[in-house]
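Report on the following structure.
Both backbone and side-chain heavy atoms feed into the values below; hydrogens, waters and symmetry mates do not. If you read the sequence from its start, that first residue is 1, and numbering goes on from there.
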Amino acid sequence: MANLSRRAFFTRLSATPEVVTPVRPPWTTEQRIEDKCTGCFECVKACPEAILFSADNRPYLKTGVGECTFCEECAKACPEEDLFDLTAAPWRLTAEIQQGACLLGKGVSCQTCTDSCDPRALRFDMRVAPAGKIQLDADQCNGCGACLISCPVDAIAMNDQSRESLANA
């Protein structure tokens with residue numbers, strides 16, 4: 001049931017919507033997408049994991065629906081020269097554990113994210129009471145998103161380090 005109070009109404013009016021910049025396909029940047037993407041969406045069609053989508057005539061990665069296997073099919077399907085740079089890192093995404101939401105912080109033993117992490121960037125640390133803690137090695141994390149979809153309580157988010165470095169510049 002909707003809250004129809006005056007307070008709720010004015011809170012909705014004064015709330016500023018957060019502008020979220022979409023995560024672009026691997027091996028691209030926001031600037032390359034802006035400069036070179038024609039909106040043909042061959043990259044979206046070619047993605048075998050079905051994690052690329054299109055909006056505003058540009059491709060983006062939808063986190064939480066699957067993991068990127070870095071198969072390079074999106075880059076191979078793109079007809080635009082230099083839109084994808086396979087010599088660079090695919091992106092600067094890393095997992096971020098929301099410790100307050102993690103089941104381990106509530107005393108429930110869970111390690112599904114560590115089980116799904118191929119590069120072993122997420123590790124279970126049994127030394128932390130009461131049930132342990134997940135430790136993240138950001139240098140090992142490739143941002144594939146496998147942990148995101150395996151977490152039963154959505155305690156993992158993706159952190160785009162390239163945006164942080166732009167904000168700190």
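- Contact of the C68 side chain with the I51 side chain is registered, since non-hydrogen atoms from C-beta on lie closer than 4.5 Å.
- In plain terms, the two heavy atoms of I156 and A95 that are nearest each other are CG2-CB, 4.0 Å.
- Applying side-chain contact (heavy atoms from CB on, under 4.5 Å) to C74 and the options L61, L52, L83 leaves one that passes, L52.
- Screening V153, I149, D154 for a side-chain contact (heavy atoms from CB on, under 4.5 Å) with C151, the sole residue that qualifies is V153.
- Within a 6.0 Å radius of NZ in K106, more than 12 heavy atoms belonging to other residues, nucleotides or ligands are found.
- Hydrophobic clustering (ILVMFWY, side-chain heavy atoms < 4.5 Å, transitive): L86 and I33 are in one cluster.
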Open item on the list: Applying side-chain contact (heavy atoms from CB on, under 4.5 Å) to F41 and N57, what does each step give before you reach the verdict?
Closed with: CA-CA 8 Å; F41 303 118; N57 218 20; 3.7 Å; yes
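- The CG atom of D118 lies 11.0 Å from the CG atom of D115; values are rounded to the nearest 0.5 Å.
- For the pair R120 (side chain) and T114 (backbone), a donor-acceptor distance under 3.5 Å is present.
- E73 has its side chain within reach of P48: a pair of non-hydrogen atoms, C-beta onward, lies under 4.5 Å apart.
- Nearest heavy-atom pair, A157 versus Q98, reported as atom, atom and distance to 0.1 Å: CB-NE2, 3.6 Å.
- With values rounded to the nearest 0.5 angstrom, E96 atom CD is found 11.5 Å from D160 atom CG.
- Distance check, rounded to the nearest 0.5 Å: OG of S116 to CD of Q111 gives 11.5 Å.
- Within a 6.0 Å radius of CZ in R127, no more than 12 heavy atoms belonging to other residues, nucleotides or ligands are found.
- When every heavy atom of W91 is checked against every heavy atom of F70, the shortest pair comes out as CZ2-CE2, 3.9 Å.
- Remark: D35 CG to E30 CD distance equals 10.0 Å, nearest 0.5 Å.
- Rounded to the nearest 0.5 angstrom, E49 CD and K62 NZ are separated by 15.5 Å.
- Looking only at side-chain heavy atoms (C-beta outward), Y60 and V23 stay at 4.5 Å or farther from each other.
- Between L148 and M158 the shortest side-chain heavy-atom distance falls below 4.5 Å.
- Taken to the nearest 0.5 Å, the SG atom of C47 stands 13.0 Å off from the CD atom of E42.
- In this structure, V65 and F53 approach most closely via the heavy-atom pair CG2-CE1, 4.2 Å.
- The side-chain heavy atoms of F84 and C43, taken from C-beta on, include a pair separated by under 4.5 Å.
- The side-chain heavy atoms of P152 and L103, taken from C-beta on, include a pair separated by under 4.5 Å.
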TODO: Start with the C-alpha gap between D137 and R123, add the side-chain angles, then the distance that decides, and say whether side-chain contact (heavy atoms from CB on, under 4.5 Å) holds.
DONE: CA-CA 8 Å; D137 180 352; R123 296 183 184 250; 5.7 Å; no
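- Under the 4.0 Å criterion applied to side-chain N and carboxylate O atoms, D56 and R58 are not assigned as salt-bridge partners.
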TODO: Evaluate the criterion side-chain contact (heavy atoms from CB on, under 4.5 Å) for residue pair K36 and D82; output intermediate values, then yes/no.
DONE: CA-CA 8 Å; K36 299 175 189 253; D82 299 327; 3.7 Å; yes
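- With contacts defined as side-chain heavy-atom distances shorter than 4.5 Å, the pair K133/Q99 qualifies.
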TODO: Any chance you could lay out the side-chain contact (heavy atoms from CB on, under 4.5 Å) test for T38 and E80, step after step, and finish with the verdict?
DONE: CA-CA 8 Å; T38 60; E80 302 307 316; 3.4 Å; yes
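- Residues I134 and F124 meet the side-chain proximity criterion, which asks for heavy atoms closer than 4.5 Å.
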